Asks: 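Here it is, the structure, as structure tokens.
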Amino acid sequence: MPATSSDIVLVTPDPTLITRVNAVASNFGYSCQTFSGIDALMESEINARMVIAFAPDDKNPSVAAEFAQAARFVAPQSFVLCAVSKSLKKDAASFAKKSGANLILLENEFYESSKLEFVVTQVLKSAYLPVKASDLIPGIPLEFDLFHLLPLRQKFLKFMLEGDVMTPDRIKRFTEVGEVYIKRSDSEAFRNYVVKHSDRSAQGIARRCRAQYLALAAGFSSLVFLLTDQSELGSFQEGERLLSKCRDLCRDLLSTLGEFGNAWEIINNSAIGEFGSVERAPAIASYSALFSLQAELDNIDTIMLGALLADLGLIFLPPQITKKIREDRISSLSGDERQVYEKYPHQSLSVLLDRKLSLDESIRNIILSTQETSNGKGFPRHLLGAKIPEESQMIRFSREFDRRTLLRLGKQRQDAAQVRAELVAEDDLKFQAFTPTFLQKLKKGFN
């Protein structure tokens with residue numbers, strides 16, 4: 001068979017599963033090619049960034065491992081996702097992982113949750129993170145590889161290797177070209193490179209802000225993968241380690257946000273993910289920190305952590321609901337869909353408690369309250385006024401700010417200060433989502 005080059009290669013004979021994966025690929029603009037089974041895959045030459053292999057057979061636990069082995073053999077550099085029966089025992093799922101799968105999804109998760117959407121965006125859209133050429137430091141060896149994006153082919157071309165040294169002329173030339181990219185897996189190396197060679201100039205602070213934000217986004221992504229893995233129980237220690245790492249990254253970024261006046265621009269340009277998706281959490285957490293500094297709120301690192309965790313439940317919503325959220329059509333949810341949607345804050349907290357992570361009562365209350373409104377029309381508990389923590393109100397405000405300022409293809413770029421002012425004025429006039437005390441703090445801080 002001829003060589004196949006696709007974003008996604010799917011291995012299954014099941015037409016329903018093919019329809020589901022093709023719909024996700026179409027929604028996000030990715031190419032997808034299907035093979036009927038392992039034999040057809042083994043006879044091909046493929047070049048794919050992601051291989052999805054379906055082995056929903058609970059009677060023969062070795063099938064999943066065989067699928068994973070075949071996919072890894074044919075596409076050694078690809079991300080391999082293996083779908084298995086929800087009845088498959090956890091030790092069999094773990095064996096499939098060891099056989100070559102990067103991730104195991106239960107078959108029902110493909111239809112009943114939006115985890116496939118999250119995985120696809122993380123593996124394909126978020127695998128490479130944009131940095132500015134001005135973030136590179138002349139005369140200092142790189143601690144990561146650098147890539148160019150070839151727009152027409154949507155391929156990333158490696159043009160500098162770890163250990164190479166940037167010269168001022170090279171940096172100037174790359175600045176004229178535009179953004180360069182690093183692998184998401186190198187975000188921690190990029191952060192260390194920047195922090196080790198930081199300076200107190202405006203450019204140095206901007207560089208540090210971007211590096212810290214990208215490290216937070218990557219760390220949060222790892223936490224989401226661990227917490228939402230239904231195929232096996234991730235260790236309590238690993239969950240605590242990743243949660244603690246996110247806390248530390250929040251504190252590091254917070255210290256820089258307080259120094260840099262135009263941090264919104266950096267976060268807005270570096271954030272990845274569609275509106276209403278779990279991927280927006282690092283951006284919302286960063287905006288919450290910025291606005292909390294201006295409004296002189298306390299416990300800002302707690303607000304950031306709450307913003308990271310509050311929307312975890314979105315990943316468990318059915319695909320038809322998240323599609324409407326992503327397209328900013330929440331008002332079109334049916335009555336039954338609305339009931340399911342309004343339970344997601346409880347799901348956010350539940351997934352954390354199921355892993356027995358250390359969360360104090362204030363964080364739990366924040367997570368359950370970011371969709372509440374002062375007039376009692378929010379959810380899930382329909383709280384009124386002062387019963388809603390100011391921390392949760394800040395996260396809700398930042399989420400709405402993110403919705404309005406999110407960069408969208410074909411849409412005019414919004415002015416951050418104008419959007420903030422409009423949100424405060426609109427709430428004063430008609431929405432009553434926030435308490436008067438909280439609004440007053442926003443007005444004072446923004447002025």
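Residues take their numbers from the sequence shown, with the count starting at 1. Just so we're clear, the structure is a prediction, and the values are computed from it rather than from any experiment.
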Asks: With a 3.5 Å distance limit and no angle check, can you tell me whether S350 reaches the backbone of H346 through a side-chain donor-acceptor pair?
Replies: no
Asks: Step by step, work out the side chain to side chain donor-acceptor pair (under 3.5 Å) result for E279 and S126.
Replies: CA-CA 9 Å; E279 297 99 317; S126 308; 5.5 Å; no
Asks: Which atom pair, heavy atoms only, marks the closest approach of A307 to I395?
Replies: N-CD1, 3.5 Å
Asks: Quick check for you: to the nearest 0.5 Å, what is the distance between L17 atom CG and L10 atom CG?
Replies: 7.5 Å
Asks: Is R355 reaching over with its side chain to a backbone N or O of G239, donor-acceptor style, under 3.5 angstrom?
Replies: no
Asks: Supply the atom-to-atom distance L142 CG to L161 CG, rounded to the nearest 0.5 angstrom.
Replies: 9.0 Å
Asks: Looking at the rings of Y287 and F397, which for Trp means the six-membered one, are their centres under 6.0 Å apart?
Replies: no
Asks: Within the structure provided, determine whether L81 and M50 are in side-chain contact (heavy-atom separation under 4.5 Å).
Replies: yes
Asks: Any side-chain heavy atom of V119 sitting closer than 4.5 Å to one from F225?
Replies: yes
Asks: Check the side chains of S334 and D336 for a donor-acceptor pair under 3.5 angstrom, ignoring hydrogens and angles.
Replies: no
Asks: Do F190 and D135 touch side chain to side chain, with heavy atoms closer than 4.5 Å?
Replies: yes
Asks: Using the ring centroid of each side chain, check whether F54 and F67 are separated by less than 6.0 Å.
Replies: no
Asks: Decide salt bridge (Lys or Arg N to Asp or Glu O under 4.0 Å) for R251 and D248; before the verdict, give the C-alpha distance in whole Å, the side-chain angles of both, and the deciding distance to 0.1 Å.
Replies: CA-CA 5 Å; R251 293 185 180 119; D248 292 341; 3.4 Å; yes
Asks: Salt bridge or not between K97 and D229? Use side-chain N to carboxylate O under 4.0 Å.
Replies: yes
Asks: Report yes or no: do E372 and S392 form a side-chain donor-acceptor pair below 3.5 Å?
Replies: no
Asks: Does a side-chain heavy-atom distance below 4.5 Å link I388 with F434?
Replies: no
Asks: Evaluate the salt bridge (Lys or Arg N to Asp or Glu O under 4.0 Å) criterion for residues K196 and E143: first the C-alpha distance (whole Å), next the side-chain angles of each, then the deciding distance (0.1 Å), finally the verdict.
Replies: CA-CA 11 Å; K196 278 195 299 187; E143 298 180 22; 2.7 Å; yes
Asks: Charged N to carboxylate O under 4.0 angstrom, E342 versus R338?
Replies: yes
Asks: At what distance, to the nearest 0.5 angstrom, does OG of S348 lie from CD1 of I366?
Replies: 13.5 Å
Asks: Give the C-alpha distance, both sets of side-chain angles, the deciding distance and a yes or no for side chain to side chain donor-acceptor pair (under 3.5 Å) between S198 and R207.
Replies: CA-CA 8 Å; S198 61; R207 179 187 295 134; over 6 Å; no
Asks: Output, in order, the C-alpha distance, side-chain angles, deciding distance and verdict of salt bridge (Lys or Arg N to Asp or Glu O under 4.0 Å) for E240 and K356.
Replies: CA-CA 9 Å; E240 281 290 336; K356 298 180 173 57; over 6 Å; no
Asks: Taking all non-hydrogen atoms of both residues, which atom of P380 and which atom of L368 are closest, and how far apart?
Replies: CD-O, 3.3 Å
Asks: For residues R396 and Q371, is any side-chain donor paired with an opposing acceptor at under 3.5 Å?
Replies: yes
Asks: Test C32 against every option in I52, N22, V9 by the side chain to side chain contact (heavy atoms under 4.5 Å, CB included) rule and name the one that passes.
Replies: N22
Asks: To the nearest 0.5 Å, tell me how far E391 CD sits from M304 CE.
Replies: 14.0 Å
Asks: Could you verify whether a donor N or O on one side chain and an acceptor N or O on the other, from Q122 and S221, lie under 3.5 Å apart?
Replies: yes
Asks: Is any NZ, NE, NH1 or NH2 atom of the basic residue among R326 and E117 found under 4.0 Å from an Asp or Glu carboxylate oxygen of the other?
Replies: no
Asks: Just by distance, do the side chain of S286 and the backbone of P282 share a donor-acceptor pair under 3.5 Å?
Replies: yes
Asks: Specify the closest pair of heavy atoms between S113 and R20, including all atoms of both residues, with the distance to one decimal.
Replies: O-NH2, 3.4 Å
Asks: Got a salt bridge between K115 and E107, using NZ or NE/NH1/NH2 to carboxylate O under 4.0 Å?
Replies: no
Asks: Which heavy atom in D402 sits nearest to a heavy atom in A283, and how many Å separate them?
Replies: OD1-CB, 4.2 Å
Asks: Going by ring-ring contact (aromatic ring centres under 6.0 Å, His included), H148 matches just one of Y181, F156, F159, Y128. Which one?
Replies: F159
Asks: Which heavy-atom pair separates L253 from C209 by the least distance, and what is that distance?
Replies: CD1-O, 3.8 Å
Asks: What pair of heavy atoms forms the shortest contact from Q33 to S6, and how long is it?
Replies: CB-OG, 3.6 Å
Asks: For R72 and S99, does a side-chain donor sit closer than 3.5 Å to a side-chain acceptor?
Replies: no
Asks: List the steps and the verdict of side chain to side chain donor-acceptor pair (under 3.5 Å) for Q212 and T256.
Replies: CA-CA 9 Å; Q212 290 172 331; T256 303; 2.5 Å; yes
Asks: Is F275 atom CZ crowded by more than 12 heavy atoms from other residues, nucleotides or ligands, each under 6.0 Å away?
Replies: yes
Asks: Look at the side chain of N27 and the backbone N and O of A23, then say whether any donor-acceptor pair between them is shorter than 3.5 Å.
Replies: yes
Asks: To the nearest 0.5 angstrom, please state how far the CZ atom of R191 sits from the CD1 atom of I182.
Replies: 12.5 Å
Asks: Could you tell me whether a side-chain N or O of S277 sits under 3.5 Å from a main-chain N or O of G273, the two making a donor and an acceptor?
Replies: no
Asks: Could you check if a side-chain atom of V51 sits within less than 4.5 angstrom of a side-chain atom of I46, using non-hydrogen atoms only?
Replies: yes
Asks: If the threshold is 4.0 Å, N to carboxylate O, is there a salt bridge linking R208 and D252?
Replies: no
Asks: For D186, is there an ion pair with K183 - N to carboxylate O distance below 4.0 angstrom?
Replies: no
Asks: What verdict does the salt bridge (Lys or Arg N to Asp or Glu O under 4.0 Å) test give for E426 and R404, after you've listed the backbone C-alpha separation in whole Å, the side-chain angles of each residue and the deciding distance to 0.1 Å?
Replies: CA-CA 13 Å; E426 287 174 10; R404 297 200 188 190; 2.7 Å; yes
Asks: Does T373 use its side chain to pair, donor to acceptor, with the backbone of K377 at less than 3.5 Å?
Replies: yes
Asks: Heavy-atom distance under 4.5 Å between the side chains of D164 and P141, does that happen here?
Replies: no
Asks: Should the pair R247-D301 be classified as a salt bridge under the 4.0 Å nitrogen-to-oxygen rule?
Replies: no
Asks: If you measure from CZ on R170 to CG on L146, what distance do you get to the nearest 0.5 Å?
Replies: 10.0 Å
Asks: So, applying side chain to side chain contact (heavy atoms under 4.5 Å, CB included) with L254, which one of L249, I303, L290, I300 is it?
Replies: I300
Asks: Is any side-chain heavy atom of Y111 less than 4.5 Å from a side-chain heavy atom of T16?
Replies: yes
Asks: Between E422 and Q418, is there a side-chain donor-acceptor contact under 3.5 Å, judged purely by atom types and distance?
Replies: yes
Asks: With under 30° as parallel and over 60° as perpendicular, where do the rings of H197 and Y193 fit, or are they tilted in between?
Replies: perpendicular
Asks: Using side-chain heavy atoms (C-beta onward) and a distance below 4.5 Å, is E274 in contact with R280?
Replies: no
Asks: Name each donor-acceptor pair under 3.5 Å that joins a side chain in residues 314-323 to protein atoms two or more places apart or in another chain, with its distance.
Replies:
from : atom 1 : to   : atom 2 : distance (Å)
T322 : OG1    : S114 : OG     : 2.7
T322 : OG1    : P319 : O      : 3.1
K323 : NZ     : E327 : OE2    : 2.7

Asks: Within the distance-only criterion (no hydrogens, no angle test), does the side chain of D311 pair as donor or acceptor with the backbone N or O of V278 below 3.5 angstrom?
Replies: no
